[in-house]
Amino acid sequence: SEGQPVFGFFNLCFYAASLVFLLVKSLPFTLRKRGILYVISFTGLSLLITTGPFGAALIFSIVGMVVAGLFESKKGLIFHNLLISICLCVISFFLFHGNFAALPIVLLQDSWWIVMSNLLVIGILTSIVIRNVTSGLTRQSLLASEKEQNITTIYEAIQDPIIIFSTNYRIIRCNPAAEVFFGQAE
C-alpha cells in the first residue's frame, strides 16, 4: 500500500539512529541509552501502524517500556510512559480520521481501544515492576558492599593474628597481624 514505503523509510532511519547511538562512544551515556530507548519505542509504533498489533510491533513496543524500566529514573520512566501514551493517542486520532486508510491498521478499528489499552497496561506495569526490582537489587548490592567493607575494615584492624583456611587446609586469607606474626605476606 501507499503508506508502507514511508514507514519503511522511517524504520531505516530508526535503525540508522540506533547504530549511531550504539557506536558513537563520544556521546554521553545518558543520551545514548535514551536514544536507543526511543528508537526501540518509535520503531514499535511505526510497525504498529504498518502491520497492526502483531509480532514485531508488540515486541518493540513492550521492549521499549521494559528498557525504560531498566534504565530510567522514576521521573524518566513517567515521562517515557506518558510520551508513549501520547503517541498512541495521536496514532488513534489519525486512525479514526481516515489518515491510515491504505494501511493494515484500519482492520483493527473495532478492537483498537482494547488492543491499545492492553498494550499500555501491560507495558507500563511491566516497566514499573522492572524498575522497582532493579532499584531494589541495586540497593541490596550497595548494602552488601557496604557490609563487606565494614567486615574487611574490622578484620584488618584486629591486633590478633587471624588466618582463614580452606577445607583443603590452604590459607585463603589472613589479616595484617598474622602477616606480621609469621613474617610473610599473603
Side-chain angles (χ1 to χ4, degrees), residues 13-45 47-48 55-88 116-186:
C13 291
F14 291 145
Y15 295 134
S18 64
L19 283 175
V20 168
F21 287 121
L22 283 172
L23 299 176
V24 179
K25 303 288 185 192
S26 60
L27 291 173
F29 178 72
T30 334
L31 178 65
R32 288 174 46 211
K33 75 175 181 182
R34 282 223 171 106
I36 291 171
L37 171 65
Y38 291 124
V39 164
I40 290 170
S41 299
F42 290 126
T43 301
L45 292 175
L47 284 171
L48 194 62
L58 291 180
I59 290 170
F60 271 101
S61 301
I62 295 290
V63 165
M65 292 179 170
V66 167
V67 170
L70 284 172
F71 292 119
E72 289 292 345
S73 64
K74 193 180 286 185
K75 286 180 184 177
L77 183 62
I78 291 169
F79 174 78
H80 176 73
N81 287 332
L82 280 174
L83 180 66
I84 295 299
S85 301
I86 290 168
C87 288
L88 287 172
M116 286 306 97
S117 61
N118 284 333
L119 174 67
L120 281 173
V121 167
I122 291 168
I124 290 172
L125 288 179
T126 304
S127 66
I128 290 170
V129 166
I130 287 175
R131 184 183 182 295
N132 287 340
V133 167
T134 55
S135 66
L137 290 174
T138 302
R139 250 189 327 274
Q140 286 179 345
S141 176
L142 289 174
L143 287 173
S145 171
E146 197 174 290
K147 285 180 183 180
E148 176 67 27
Q149 183 61 38
N150 290 341
I151 289 171
T152 301
T153 302
I154 292 169
Y155 177 78
E156 290 177 357
I158 293 176
Q159 298 298 313
D160 294 326
I162 299 175
I163 302 172
I164 300 174
F165 292 96
S166 70
T167 55
N168 299 335
Y169 304 104
R170 293 182 180 261
I171 296 174
I172 297 174
R173 188 174 178 187
C174 62
N175 68 346
E179 291 175 4
V180 169
F181 183 79
F182 291 106
Q184 296 181 359
E186 281 186 78

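Rounded to the nearest 0.5 angstrom, T138 OG1 and L143 CG are separated by 11.0 Å. In this structure, T126 OG1 and R131 CZ are separated by 15.0 Å, a value rounded to the nearest 0.5 Å. Atom CG of L83 is separated from atom NE2 of H80 by 7.5 Å, given to the nearest 0.5 angstrom. Note that CD of E148 is 9.5 Å distant from OG1 of T153, once rounded to the nearest 0.5 Å. From I171, atom CD1 reaches atom CD1 of I163 across 5.0 Å, with rounding to the nearest 0.5 Å.
For F79, the CZ atom counts as loosely surrounded, since its 6.0 Å shell holds 12 or fewer non-hydrogen atoms of other residues, nucleotides or ligands.
Using a 4.5 Å cut-off on side-chain heavy atoms (C-beta onward), I164 and C174 make no contact. Counting heavy atoms from C-beta outward, I130 and V133 have side chains that stay 4.5 Å or more apart. By the 4.5 Å heavy-atom criterion applied to side chains, K74 and I128 are not counted as neighbours. You'll find the side chain of R139 reaches within 4.5 Å of the side chain of S135, heavy atoms only. Residues Y155 and N150 fail the side-chain proximity criterion, which asks for heavy atoms closer than 4.5 Å.
The side chain to side chain contact (heavy atoms under 4.5 Å, CB included) search around L120 returns M65, I84, S85, L88, I124, not counting sequence neighbours.
Looking only at distances, no side-chain donor or acceptor of S141 sits under 3.5 Å from a matching main-chain atom of L137. Checked by atom type and distance alone, the side chain of E156 never pairs as donor or acceptor with a backbone atom of I154 at under 3.5 Å. Under a 3.5 Å cut-off, the side chain of D160 and the backbone N or O of A177 do not form any donor-acceptor pair.
When all heavy atoms are compared, the tightest approach of A178 to P161 is CA-CB, 3.5 Å.
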